[in-house]
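The next block holds one structure in the form of structure tokens; read it before the comments.
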Amino acid sequence: MTESKTHRKLILPERGARVAVAMSGGVDSTVAARRLIDKGYEVMAFHLILTAEPSGLDQARKAARLLGLDLEVLDLSSEFENLIVSPFIRAYTQGETPNPCVSCNPTIKFGLLWEIAQARGAEYLATGHYARLITSTGGETPVLSRAHDRAKDQTYFLCRLTGQMLSRAIFPLADLSKIEVEKESAKLGLPHRIESQDACFLAGENYRDFILSRLALQEITPGEFVNLEGRVLGRHRGLIHYTIGQRRALGIPGPEPYYVLALDVERNQIVLGTKEQTLSRNVFVRDLVWSFTPPEPHFLAKVQIRSRHRPALAQVRQLPDNRAEIVFCQPQSAITPGQAAAFYDDHLLLGGGWIEKRSTG
């Protein structure tokens, strides 16, 4: 199954359809809205307030005015705190490294925002993500495919959208490069806005400092660094300060650099080892969401285990309780619990789940 042979047609609704657009005030969402207007859709603009100190509202209002749109501002900060921020903090205390953006898309944007927009009469929901929504083999089932601009492709962050969510989604930037989007934005007179690479609620703050500001001191307990044999190598400052694959700021001398291999929450220990020992073939994934169901319970796929990871070929075996075992053809470095694993058939996104545990062997 390859996109070029069996998945060609971009999915677009009929002209005149009512489309809700999540407008952050940035260039991507603004150009997405502009392109929808130009194609003859009735655009409804929404801006989400997600934190107690919102950013982007002024830019979103200016962008809406430039496009001649009425902007509805939705305060979802309480829901965002409960559904995204609190689980983010809790995951770090449990030895995981979460990806809040992967959680936010199905929960907030294609969840809560869609419910409100639909109640206002919207038929579709559009965002400024770089992704292509195309038809599947033999029908009109929507399938996500890599964006035209592969350097900006964001399908990984959409890996937990269900087929039902995709059936009402539009991604107007599917065939544009980032440079083209910036040129269109400049023509609109929208000022350039530096994009953060961090989760929106961090607002440039180091995630460790953010977590420390939310936790009581007794919840950050120092403990031991150990090697795979259990030998104590030194003391750590608390689990939240470390993540799988980390090399810097360990402060443990050795014949070669140490890397974090695992975080043992029960023993409050951090397991260290060599770079070679960060490699693993096996990983288990939980809470799977399939936007395009694989044809067999045991199949070959390219699996991406973090946002900047090059997808690697692996055997995937589906298990009971919505889980799967992944066996990579070549060992992968720093497989990290709490991160998302996205499954691809060539450039087509099949779905994704959360990394549950890894082998250190």
* To do: Indicate the ring-plane relationship of W290 and F299, choosing parallel, tilted or perpendicular according to the 30° and 60° boundaries.
  => perpendicular
* Would you please name every residue forming a salt bridge (Lys or Arg N to Asp or Glu O under 4.0 Å) with R286, sequence neighbours left out? => E96
* SB check K178 D149 (cutoff 4.0 Å) -> no
* Asked: In Å, rounded to the nearest 0.5 Å, how long is the span from CZ of R146 to CG of D346?
  -> 9.5 Å
* To do: Over 60° means perpendicular and under 30° means parallel, so classify the ring planes of Y207 and Y92, tilted if in between.
  => parallel
* **Sequence neighbours excluded, every pair satisfying side-chain hydrogen bond (donor to acceptor under 3.5 Å, both in side chains) that has a member inside residues 120-129** => E72-R120, N105-H129, T127-H129
* Pairing residues for I37 by the side-chain contact (heavy atoms from CB on, under 4.5 Å) criterion, not counting sequence neighbours -> R34, V43, L67, L69
* **Sidechain N-carboxylate O distance under 4.0 Å for E81, R214** => yes
* To do: Hey, can you tell me if H236 and F225 have their rings parallel, tilted or perpendicular (30° and 60° cut-offs)?
  => perpendicular
* Asked: For R90, what residues pass the salt bridge (Lys or Arg N to Asp or Glu O under 4.0 Å) criterion, not counting sequence neighbours?
  -> none
* What residues join L300 in its hydrophobic cluster, counting side-chain heavy atom gaps under 4.5 Å, either direct or through other members? -> L313
* Apply salt bridge (Lys or Arg N to Asp or Glu O under 4.0 Å) to R267 and list each qualifying residue two or more places apart in sequence or on a separate chain. => D264
